[in-house]
Visitor: 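For reference, the structure I am asking about is given below.
Since this is a predicted model, take the numbers as computed values, not measurements.
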Amino acid sequence: MCSLSCSSSSSLQEHVELHLEYGSASVTGHSSEDLTMARKLQEEEEQKWREAATRREVEDFKQLQKQFGLDNSGGSRKQMERNMERAVSRGQMVPAEFHRKKAEMLESLASGVDDGGSTTSVSVPSIPRVQAFIEESWDQGTDPQGASHFNHRLQGTRAWIGATEIYVVLNSLSVKSRIVDFHKPTSQAHTHPILFEWVKQHFSHSASRGARLTPKIVQTTLPPIYLQHQGHSRSIVGVEQKVNGNLCLLLFDPGCAPREMSKVLSQDTAATMVRCMRKFPGSLKHRQYQVVAVEGLLTPEEKQSCILNSRTLCAEKIS
């Protein structure tokens, strides 16, 4: 009928119907009006499509902010208050205990030392204090790109803290560390055997200086390794090598209930808990992992050098 291209089946249908309804338009001189109408319909259809695409982008961005805790929905204080309010509504906590615990929480936040609500010891900094450490390190000039990503603000948010932010915390405390990125699987089974081997070599580095507890167990002087993958982080506290040479990591998981982790200290239940902590390569199948490993202390000169180098901070990639 004509050479006009339509962007969708609906606008094409409307245009064809116009041709059928005004079949004599070309004879009566109305073809230009027909073409104008068709173009108008097409423009309206394209405008609707652009508006729908914009709404989808806005919604996707909001979901991404919510996923990473950047939606201004409150920090750890709000989260703890909501948890206690739910406990009261379910009859698991009386109002008097709610107000007492809330007062203790506010005191803990003010002092910067955790009361045990989010850590396994009061000697470990609370989550808000860790957030403050990161912000203080940003103020010193560490990792400006990361600081910009979070708008230089973590306190009062539920933003995810990842490997880079842990590096920033350690740097602010003059602790020497390195970030290593295992950015893709290194086996046909989509596992990370090179990660396991790297962990073994890392712990073996100080094994000669460690205490040999039994002929088959060596205690190193190195602290645990921070292990990060999409959505979660865990601590690698050891590595085992079986008789056949297979490696297995020992992981502490913060998602495990404290009462369960306490069983590690009991001789009656330690063996069972260690089995839960063992992770073979088939258990770690995320596409990408990052580790943060502590390597000592920084001198003031080394700390300043780390701050300058962190302007283009990137992980060391191993494949």
Side-chain angles (χ1 to χ4, degrees), residues 61-85 101-179 223-235 252-256 258 290-294 297-298 303-304 306-307 309-311 313-315:
F61 181 68
K62 288 181 179 179
Q63 290 296 327
L64 193 63
Q65 285 184 312
K66 184 177 181 179
Q67 178 184 356
F68 286 94
L70 297 173
D71 57 350
N72 295 320
S73 59
S76 59
R77 171 184 169 181
K78 291 292 184 183
Q79 187 174 357
M80 293 169 69
E81 285 182 355
R82 284 194 292 267
N83 290 339
M84 290 192 295
E85 288 169 355
K101 285 186 174 294
K102 184 176 179 180
E104 292 175 352
M105 176 188 68
L106 294 176
E107 182 179 353
S108 170
L109 293 175
S111 66
V113 178
D114 201 287
D115 62 354
S118 66
T119 68
T120 56
S121 170
V122 295
S123 62
V124 177
S126 63
I127 293 175
R129 188 67 189 111
V130 172
Q131 292 174 329
F133 277 137
I134 297 172
E135 291 182 357
E136 290 167 8
S137 192
W138 283 343
D139 292 339
Q140 296 172 10
T142 305
D143 189 24
Q145 290 184 339
S148 176
H149 174 75
F150 290 102
N151 293 322
H152 292 260
R153 178 175 169 267
L154 277 178
Q155 294 187 79
T157 74
R158 296 186 300 109
W160 286 4
I161 295 177
T164 303
E165 287 69 51
I166 293 300
Y167 172 86
V168 167
V169 170
L170 296 173
N171 185 80
S172 71
L173 299 173
S174 297
V175 176
K176 184 179 182 181
S177 61
R178 63 191 288 209
I179 305 176
I225 299 173
Y226 178 92
L227 176 68
Q228 175 78 51
H229 60 79
Q230 177 67 26
H232 196 43
S233 58
R234 291 177 273 184
S235 298
F252 276 170
D253 192 331
C256 185
Q290 284 186 318
V291 301
V292 181
V294 171
L297 298 178
L298 292 171
K303 180 177 180 180
Q304 188 60 34
C306 286
I307 292 175
N309 292 334
S310 72
R311 297 184 184 279
L313 181 62
C314 60

Visitor: Locate the shortest heavy-atom distance separating W160 from Q230; write the atom from each residue and the value.
Guide: CZ3-NE2, 3.9 Å

Visitor: Which pair of heavy atoms, one from W138 and one from G146, lies closest together, and at what distance?
Guide: CZ2-O, 4.0 Å

Visitor: Where do G141 and S310 come nearest, in terms of heavy atoms and distance?
Guide: O-OG, 4.0 Å

Visitor: Could you work out, with side-chain hydrogen bond (donor to acceptor under 3.5 Å, both in side chains) as the rule, every residue matching D143, not counting sequence neighbours?
Guide: none

Visitor: Is there a side-chain contact between H229 and Q290, using heavy atoms and a 4.5 Å cut-off?
Guide: no

Visitor: Report the residues that fulfil salt bridge (charged side-chain N to carboxylate O under 4.0 Å, His left out) with E85, sequence neighbours left out, ordered by chain and then residue number.
Guide: none

Visitor: Could you measure the distance from the CG atom of L154 to the CD1 atom of I127? Nearest 0.5 Å is fine.
Guide: 12.0 Å

Visitor: Just grab all the side chain to side chain donor-acceptor pair (under 3.5 Å) pairs involving residues 163-177, residues at least two apart or on different chains.
Guide: T142-N171

Visitor: How would you list, by chain and number, every residue that makes a side-chain hydrogen bond (donor to acceptor under 3.5 Å, both in side chains) with H232, sequence neighbours excluded?
Guide: D253

Visitor: For the CD atom of Q155 and the CD atom of E135, what is their distance to the nearest 0.5 Å?
Guide: 4.5 Å

Visitor: Determine whether I179 and V291 satisfy the following criterion, side chain to side chain contact (heavy atoms under 4.5 Å, CB included), listing intermediate values before the conclusion.
Guide: CA-CA 6 Å; I179 305 176; V291 301; over 6 Å; no

Visitor: Tell me the closest heavy-atom pair linking F150 and A159, and the distance in Å.
Guide: CE2-CB, 3.7 Å

Visitor: When rounded to the nearest 0.5 angstrom, what distance separates CD in Q304 from CG in N309?
Guide: 10.0 Å

Visitor: State, to 0.1 Å, how close Y226 and I161 come at their nearest heavy-atom pair, and which atoms those are.
Guide: OH-O, 3.4 Å

Visitor: On a heavy-atom basis, which atom in S233 and which in Q228 lie closest, and how many Å separate them?
Guide: CB-OE1, 3.5 Å

Visitor: List in chain and number order the residues that pass side-chain contact (heavy atoms from CB on, under 4.5 Å) with L173, two or more places apart in sequence or in another chain; answer none if no residue qualifies.
Guide: F133, V169, V175

Visitor: Tell me every residue that passes side-chain hydrogen bond (donor to acceptor under 3.5 Å, both in side chains) with Q140, counting only those two or more places apart in sequence or in another chain.
Guide: none

